[in-house]
Chemist: 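First, the structure itself, so that you have it in front of you.
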2 protein chains.
Amino acid sequence: MTTLVDVAKKANVSKMTVSRVINHPDKVTDELKRLVYDAMHELDYHPNMIAKALVNKSTMIIKLCILEDIDTTEPYYMNLMLGIAKTLDLHQYSLQLVTRRNFDIGNCDGYIITGMRQQDVEWIKKLTKPVIMFGENRYGLDYVDTNNKMGTYLLSQLALKKGYDRLIYIGIDSKESFEYSREAGYIQQVQEKRMVPELYRFDNHSHLGEEFIEKNWDNFTKNTAFICASDRLAIGIERGIARRGGKIPEEYGVTGFDGVFLNQVASPKITTVKQSIIEMGSTCGENLLDKIENNDTQGSILFEPKICLGGTLRE
Amino acid sequence: MTTLVDVAKKANVSKMTVSRVINHPDKVTDELKRLVYDAMHELDYHPNMIAKALVNKSTMIIKLCILEDIDTTEPYYMNLMLGIAKTLDLHQYSLQLVTRRNFDIGNCDGYIITGMRQQDVEWIKKLTKPVIMFGENRYGLDYVDTNNKMGTYLLSQLALKKGYDRLIYIGIDSKESFEYSREAGYIQQVQEKRMVPELYRFDNHSHLGEEFIEKNWDNFTKNTAFICASDRLAIGIERGIARRGGKIPEEYGVTGFDGVFLNQVASPKITTVKQSIIEMGSTCGENLLDKIENNDTQGSILFEPKICLGGTLRE
DNA sequence: TTAGTTGATGCTATCGGTAACATTTTACTC
DNA sequence: GAGTAAAATGTTACCGATAGCATCAACTAA
């Protein structure tokens, strides 16, 4: 493998000059720069990241910590990893996939953490390396997420625009930040129209949505739209309505959130918020590397929700 | 961060002795060893892998190269990565997820490659670092895979034992090694029983299996079992039979291969070969690290197939 | 007793870079 | 053209580990 010294010899300069050409090119004359570039090119020189890491006391490793149990049937985490990996590869960083148990094994330059619960805040705040969360939180930890509030706000708005005159929110029965935000988006839209919010919450299983509809069918006047906090719940609602003979989208509207795999199974397809997890993961990586390399305190990043029209709202 | 020198000072020895305690403990007296261990423990010493990597001219990085288009809705690759990551973390290695395009960016100590086609053999054979393939091949490249042949052999055997008297093989129309092996397993079992093999091949989509059954229904005498090369195809066959009013498992048997997510959707569940991709990935990692660290030429590893009983064979 | 052998431990250079300081060159002023 | 500041380039030490040789003590054999 060619090293700095090889290049230096070829270009008849000291290795420091070569190093400067790479890291502080403005401090080297154009003439020498060209000499060095030529030599580098000729020898097919690639800097040794390990040596660099040693002097910088860095590791070129990012740990991705998934705190939830991983449901491998959901493409969510796979997409996240693909996105992160894309960015890291580009910058020659590599990835360690860790869980809470093996979190402390080995060093790294920064962390991406996802699936955080309240009890995790404490130890996460104690970390001494840059951290970015994937998924919103309200503990002051920087994060990357879809703008959840805006998502349900827009879906509610769309439902109203399509002429549904009653909006019911079907939420996830959990105390996580994203759920509060989704509720908030719905509530804001409804209140702006001087309507009364109606919220129900269930564990995130489609059959719970289905049962809810079946049991309470008589309460649901025609021309109602259900704004659901997840595609799972939306699919359940959809099935429930179908069972009771309700017509979607003519009589009832349904919206979801997420763009999970299950949506492919639904019929008609749910109108939902599509999240590009890959892109978000990629941004998440960029953000973290920025923090690491430029000591930048970026703050959080919200992705604007993209509404993905299915067949569960009119027109 | 504590270093060798810190430990050496604490233990009143030279840093070389500390290094020896770690790497060649047999060359140090027990007394010094204990002194050093105590000091290491007291200072919470962890070797700096980067420095180690620099002298060893290693990188502590393994590249995982997925050559297929990744279908993120399949948990396959997620499981693979989880398995690999588990092993690598344990050995302080980290992972780079690369595609053919960014394959050459940056250095590494070894490769895990999956989704290989024939055209890839050439460049893979030229790699100078240890390689292990995930998925069988017939080009002499070491691999980790389920014993595909044994899988269909056993499923066929089971179907016969359950009393089905005609076995039809539904294969995947591709020239990949695993498919040949699965066919071979079926053929061997059938020939041992002096029966005549009947093989059909389709692209790996359930609807193709379904259509095949519908169109050729009259050919399929009762008491036939379909040995399918994938759960996807098996689900299609199952649906086709159901549509035509055939009874599973009483009149017809079906077996699959893989244990993919879709099986959860099938009813009744397919009798299939369950592959623990996580475990296989983990072994794959161990194998590669062995090759790297011990210069070991391990050869391939076959996992014995585990038959997972569903409701598509009698009893 | 003394030379030779063996085993335990220490010393030094090295891996491939970078920062800090040292030195040389350049440019500009009077 | 000497004096000086600024810019360009070189020298040295160091990051944290390991290999190889040097040293030294203990033990064996003549």
Side-chain angles (χ1 to χ4, degrees), chain A residues 1-40 43-61 91-93 106-109 292-295, chain B residues 1-40 43-61 91-93 106-109 292-295:
Chain A
M1 220 188 46
T2 57
T3 72
L4 266 192
V5 180
D6 301 325
V7 177
K9 276 183 192 153
K10 186 113 197 166
N12 267 314
V13 296
S14 77
K15 64 175 183 171
M16 222 25 242
T17 303
V18 180
S19 174
R20 280 202 194 91
V21 169
I22 297 168
N23 301 297
H24 313 281
D26 51 311
K27 300 199 166 175
V28 182
T29 47
D30 289 349
E31 198 190 331
L32 278 193
K33 242 183 287 189
R34 191 165 43 245
L35 271 171
V36 170
Y37 278 134
D38 287 351
M40 280 178 16
L43 298 173
D44 190 32
Y45 170 74
H46 293 282
N48 181 326
M49 302 310 279
I50 294 289
K52 202 174 268 201
L54 183 58
V55 298
N56 295 338
K57 303 198 178 215
S58 72
T59 63
M60 308 304 282
I61 292 173
H91 294 78
Q92 304 254 5
Y93 277 74
N107 227 314
C108 72
D109 293 346
I292 292 168
E293 293 182 350
N294 310 322
N295 220 355
Chain B
M1 222 186 47
T2 56
T3 73
L4 265 193
V5 180
D6 301 325
V7 176
K9 277 184 191 152
K10 186 110 198 167
N12 268 314
V13 296
S14 78
K15 62 176 183 171
M16 229 15 250
T17 303
V18 180
S19 174
R20 280 201 194 92
V21 169
I22 298 169
N23 300 297
H24 311 284
D26 51 311
K27 300 198 166 177
V28 181
T29 47
D30 290 348
E31 197 190 332
L32 278 193
K33 242 183 286 187
R34 193 169 37 247
L35 272 170
V36 170
Y37 278 134
D38 288 349
M40 283 179 10
L43 298 173
D44 190 33
Y45 170 74
H46 294 281
N48 183 325
M49 301 312 277
I50 295 289
K52 201 174 267 200
L54 182 59
V55 301
N56 295 338
K57 305 201 179 213
S58 73
T59 63
M60 308 303 283
I61 292 172
H91 294 78
Q92 305 255 3
Y93 277 74
N107 226 316
C108 70
D109 292 346
I292 292 169
E293 294 181 349
N294 309 324
N295 220 355

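Reminder, nothing fancy here: chain letters follow the sequence lines and each chain counts from 1.
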Chemist: Donor-acceptor pairs under 3.5 Å, side chain of residues 29-37 of chain B to any protein atom, not counting sequence neighbours: which ones?
Modeler:
unit_1 : atom_1 : unit_2 : atom_2 : d
B:D30  : OD1    : B:K33  : NZ     : 3.4
B:K33  : NZ     : B:P25  : O      : 3.0

Chemist: In whole angstrom, give the distance that lies between atom CG of B:D30 and atom P of C:dG7.
Modeler: 16 Å
Chemist: For every nucleotide of nucleotides 13-22 of chain D, 5' to 3': is a protein heavy atom under 4.0 Å from its base (B), only from its sugar-phosphate (S), or from neither (-)?
Modeler: --BBBBBB--
Chemist: Does some side-chain heavy atom of B:V13 sit less than 4.5 Å from a side-chain heavy atom of B:R20?
Modeler: no
Chemist: Is B:T2 close to B:D44 at the side-chain level, that is, under 4.5 Å between some pair of heavy atoms?
Modeler: no
Chemist: Nearest whole Å is fine: how far is C:dG17 P from B:N107 CG?
Modeler: 11 Å
Chemist: Are any of the side-chain heavy atoms of B:Y93 and B:E293 separated by less than 4.5 Å?
Modeler: yes
Chemist: Quantify the bending of the helix from C:dT1-D:dA30 to C:dC30-D:dG1 as the angle between its end axes, each fitted on five pairs, to 10°.
Modeler: 60°
Chemist: Measure from CG on B:L32 to P on D:dA25 and round the result to the nearest Å.
Modeler: 15 Å
Chemist: For C:dA8, take OP1 and OP2 only and decide whether either is under 4.0 Å from a side-chain N or O of B:T17.
Modeler: no
Chemist: Under 4.0 Å between a side-chain N or O of B:T29 and OP1 or OP2 of C:dG7?
Modeler: no
Chemist: Would you check if A:I61 and B:M60 make a side-chain contact, meaning some heavy-atom pair closer than 4.5 Å?
Modeler: no
Chemist: Ignoring hydrogens, what is the shortest heavy-atom contact between A:L4 and A:V18? Give both atom names and the distance.
Modeler: CD2-CG1, 3.2 Å
Chemist: Quick one, A:I292 with A:H91, criterion side-chain contact (heavy atoms from CB on, under 4.5 Å). Give me CA distance, side-chain angles, the key distance, then yes/no.
Modeler: CA-CA 12 Å; A:I292 292 168; A:H91 294 78; over 6 Å; no
Chemist: Taking side-chain hydrogen bond (donor to acceptor under 3.5 Å, both in side chains) as the definition, give me every residue that meets it alongside B:D26, ordered by chain and number, with sequence neighbours left out.
Modeler: none
Chemist: What is the distance, rounded to the nearest whole Å, between atom NZ of B:K27 and atom P of D:dC24?
Modeler: 20 Å
Chemist: Just verifying a value: how many Å separate B:H46 NE2 and B:M1 CE, rounded to the nearest 0.5 Å?
Modeler: 10.0 Å
Chemist: Check whether any side-chain heavy atom of B:S14 lies under 4.5 Å from a side-chain heavy atom of B:T17, and answer yes or no.
Modeler: yes
Chemist: Round to the nearest Å and state the distance from B:E31 atom CD to D:dA25 atom P.
Modeler: 17 Å
Chemist: Between protein and nucleic acid, restricted to nucleotides 23-27 of chain C and to nitrogen or oxygen atoms under 3.5 Å apart, what atom pairs and distances do you find?
Modeler:
none

Chemist: My understanding is that only residues two or more places apart in sequence, or in another chain, count here; which of them pass side-chain hydrogen bond (donor to acceptor under 3.5 Å, both in side chains) with A:N107?
Modeler: A:K129
